[in-house]
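The next block holds one structure in the form of structure tokens; read it before the comments.
The sequence lines fix the lettering, A, B, ..., with proteins before strands; numbering per chain opens at 1. Computation of the quantities below employed the complete heavy-atom set of this structure, encompassing side-chain atoms and omitting hydrogens, waters and symmetry-equivalent molecules. This structure is a prediction, so every number in the text was calculated from the model and none was measured.
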Amino acid sequence: MTLHLYNTLTRSKEPFEPLEVGHVRMYVCGPTVYDRAHIGNARPAVVFDVLARLLRHLYGRLTYVRNITDVDDKINARSVESGEPIGELTARTTRFYHEDMAALGVLPPDVEPRATEHIGDMIALIERLVVGGHAYAAEGHVLFSVPSMDDYGQLSGRSRDEMIAGARVEVAPYKRDPADFVLWKPSPPELPGWDSPWGRGRPGWHLECSAMSERYLGQSFDIHGGGQDLIFPHHENEIAQSRCAHPGSGFARYWVHNGHLMVEGEKMSKSLGNFFTVHDLLDQAPGEALRLYLLTAHYHQPFDWRAEGLAQARATLDRFYRALERVAEVPLPEAPVVPEGVLAALADDLNTPLAISRMHDLAGALNRAGTVEEQGRLKAELLAAGELMGLLGEAPEAWFRRGLKAGAPDAAHIEAEIARRAEARKGRDFATADAIRDALKAQGIELLDSAEGTTWRVVEPDAG
RNA sequence: GGCCGGGUGGCAGAGUGGUCAUGCAGCGGACUGCAAAUCCGCGUACAUCGGUUCGAUUCCGGUCCCGGCCUCCA
């Protein structure tokens with residue numbers, strides 16, 4: 001099965017071929033750690049987590065690098081504002097990020113480099129650029145000379161002239177060309193800074209990804225990912241830095257960008273009050289539901305985050321887990337199974353909505369299955385599909401009984417009531433049976449009868 | 001202004017040059033003491049106007065809307 005990916009560089013869907021047989025290398029732009037991750041930060045993390053799982057499945061070995069940006073003017077500003085020292089702010093925010101991503105079922109990347117630990121690599125990169133005539137020092141700054149690169153602008157598809165025509169280009173007096181961008185800038189004593197040949201200073205934003213991707217993945221690697229808003233200027237400038245520092249190197253070959261996220265049809269922003277952090281949303285729904293919801297639209301499309309959509313994602317997981325719960329005792333086949341339909345959907349440029357619909361097909365077939373062998377096979381396929389997507393990792397019972405609140409009846413009490421009700425039903429005393437069921441329902445416990453007996457689950461009043 | 005990406009049934013959301021998306025919601029039925037779940041069946045959907053074609057939601061062009069980016073926002 002051949003993976004196809006939409007490559008921003010060529011604006012077309014291409015068959016994927018790793019540079020090295022059996023080993024894929026991927027770099028994804030990670031968070032700037034100055035605040036809790038919002039749901040828009042979660043989308044690329046989840047999308048590229050699915051891609052990472054797929055790459056490991058298809059090619060065996062993956063080196064996945066996702067950085068932590070811990071030197072940045074937004075961090076400095078937040079620290080000044082709150083009084084919290086920068087080191088504590090970035091360490092705390094990084095910890096929160098890890099917790100939130102884990103709740104979303106996002107596996108850790110293989111390498112998670114911090115910018116502040118690679119300043120030496122960045123300085124070395126700047127020196128190469130200066131020697132090669134692609135960068136120059138001016139007033140304590142070092143700038144990348146955009147006119148020094150013949151084919152600048154390939155990724156974003158814009159010419160230098162077009163950029164200069166843009167009204168928002170601020171031309172600092174020390175720039176030789178309006179399009180030039182900062183590689184290194186001076187730091188006053190109160191801000192983080194490192195000694196360099198150009199004085200005490202700190203790196204420009206684009207530099208860290210060039211330096212760290214080279215350190216861990218080499219001068220040429222397979223996939224570079226991030227949000228669509230990073231295409232310009234961030235990724236364009238990364239390409240400029242890396243390829244001019246190492247003439248002849250290819251840098252990243254496939255550029256994969258996820259679409260942006262809106263909330264209830266509006267652009268997400270703090271002023272509109274529709275700014276959701278992952279942490280807040282985890283109070284409203286299980287992380288797995290947030291994750292599934294993010295995967296219900298193709299990664300390339302804009303995503304409109306809506307409360308109703310989240311409830312639907314949760315209902316979808318209820319359906320999958322119900323199908324699995326019904327065959328909880330059915331053994332899995334010995335040989336590993338591959339869910340071909342789901343795999344094919346994901347291999348086609350990560351078509352997660354189609355993959356989910358094929359998981360629905362599997363769940364429906366599992367509900368209809370007549371023999372234990374068939375049930376075992378379909379159960380295994382659904383679970384394997386879930387693993388590729390980072391879903392269905394819980395025991396069905398745990399899924400349905402999550403959120404059992406303090407003060408609610410405990411499991412032993414519920415089981416005793418179920419037994420009492422079974423006696424009543426046996427004696428066809430349905431009034432008593434229904435009274436027991438209603439009483440538990442009022443306490444947030446729902447009883448479900450089936451041919452095999454009665455099970456229970458926690459009712460989520462906020463599920464609608 | 002420039003560069004991108006879109007407009008699919010009540011909702012979400014894939015896909016395709018010519019009988020099927022899928023899920024939720026709705027309607028009917030089976031099953032059930034009743035619920036719930038599950039199963040079966042049911043919908044003249046593809047912004048608009050032209051063009052190409054035996055045939056277009058799908059290809060081409062115009063129009064109208066919507067969204068993103070255009071120097072540090074995933």
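Counting non-hydrogen atoms under 4.0 angstrom, His234(A) reaches nothing in the nucleic acid. Pro233(A) comes within 4.0 angstrom of the backbone, heavy atoms only, and of no base. Among the atoms of the strands shown, only primed sugar atoms or phosphate atoms (P, OP1, OP2) are found under 4.0 Å from some heavy atom of Ser156(A). Within 4.0 Å of Arg326(A), counting heavy atoms only, lie sugar-phosphate atoms of the nucleic acid but no base atom. Looking at heavy-atom distances under 4.0 Å, Arg202(A) makes no contact with the nucleic acid at all. Heavy atoms of Lys185(A) sit under 4.0 angstrom from at least one base atom.
Of the residues listed (Arg322(A), Glu325(A), Arg402(A)), the one engaging Arg457(A) in a side-chain contact (heavy atoms from CB on, under 4.5 Å) is Arg322(A), and it is the only one.
Rounding to the nearest 0.5 Å places OG of Ser145(A) at 8.5 Å from NE2 of His134(A).
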Contacts under 3.5 Å, N or O only, protein and nucleotides 57-59 of chain B:
none

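Distance check on atom P: rU8(B) versus rC70(B) gives 27 Å, rounded to whole Å. Comparing the P positions of rC4(B) and rU52(B) gives a spacing of 28 Å, expressed to the nearest Å. Look at the P atom in both rU19(B) and rA56(B): the space between them is 12 Å, to the nearest Å. A distance of about 28 Å separates the C1' atoms of rA47(B) and rC42(B), rounded to the whole Å. rA14(B) and rU22(B) are spaced 16 Å apart, taking the P atom of each and rounding to whole Å. Atom name P, nucleotides rA35(B) and rG28(B): the rounded distance is 14 Å, in whole Å. Only the C1' atoms considered, rG9(B) is 13 Å distant from rG26(B), to the nearest whole Å. The separation of rU48(B) from rG10(B), taken at their P atoms, amounts to 13 Å, rounded to a whole angstrom.
Atom CD of Glu397(A) sits in a sparse spot, with 12 or fewer heavy atoms from other residues, nucleotides or ligands closer than 6.0 Å.
The residue among Asn351(A) and Leu261(A) whose nearest nucleotide of RNA chain B lies closer to the 5′ end is Asn351(A). Map Arg368(A) and Ala297(A) each onto its nearest nucleotide of RNA chain B; the residue landing nearer the 5' end is Ala297(A).
You'll find the ring centres of His206(A) and His235(A) outside the 6.0 Å limit. Taking the six-membered ring where the residue is Trp, the centroids of Trp305(A) and Tyr293(A) are separated by under 6.0 Å. Ring centers of His260(A) and Phe303(A): at least 6.0 Å apart, outside the cut-off.
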With both pairing distances under 3.5 angstrom for Watson-Crick or G-U wobble, and | for a partner in another strand, the correct string for RNA chain B is (((((((..(((.....[...))).(((((.......)))))....(((((..]....))))))))))))....

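For rG23(B), the base has no donor-acceptor partner in the side chain of Arg319(A) [N/O atoms by modelled type, under 3.5 angstrom]. Between the side chain of Gln228(A) and the base of rG68(B), no donor-acceptor pair of N or O atoms lies under 3.5 Å. For a distance-only test at 3.5 Å, the side chain of Arg437(A) qualifies as a donor-acceptor partner of the base of rC34(B). With hydrogens and angles ignored, no donor-acceptor pair closer than 3.5 Å exists between the side chain of Asn237(A) and the base of rC72(B).
Relative to the ring axis of Trp194(A), Arg200(A) does not place its NZ or CZ within 45° and under 6.0 Å from the centre.
Below 30°, between 30° and 60°, or above 60°: for His257(A) and Trp255(A) the angle between ring planes is below 30°, a parallel geometry. Ring geometry, His118(A) versus Tyr216(A): the interplanar angle exceeds 60°, so the pair is classed perpendicular (tilted spans 30 to 60°).
Evaluation of His360(A) against the base of rG23(B) yields no stacking contact (centre distance < 5.5 Å, interplanar angle < 30° required).
Near-neighbour residues of RNA chain B inside residues 203-210 of chain A, defined by a heavy atom below 4.0 Å, number-ordered: Trp205(A).
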- prompt: side chain to side chain contact (heavy atoms under 4.5 Å, CB included) between Leu129(A) and Phe144(A): does it pass, once the steps are laid out?
  reply: CA-CA 8 Å; Leu129(A) 289 168; Phe144(A) 183 90; 4.1 Å; yes

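The closest side-chain donor-acceptor pair between Tyr136(A) and Asp180(A) falls under 3.5 angstrom. In this structure, a donor-acceptor pair under 3.5 Å is absent between the side chains of Ser242(A) and Glu214(A). Between the side chains of Tyr174(A) and His141(A), at least one donor-acceptor pair of N or O atoms lies under 3.5 Å.
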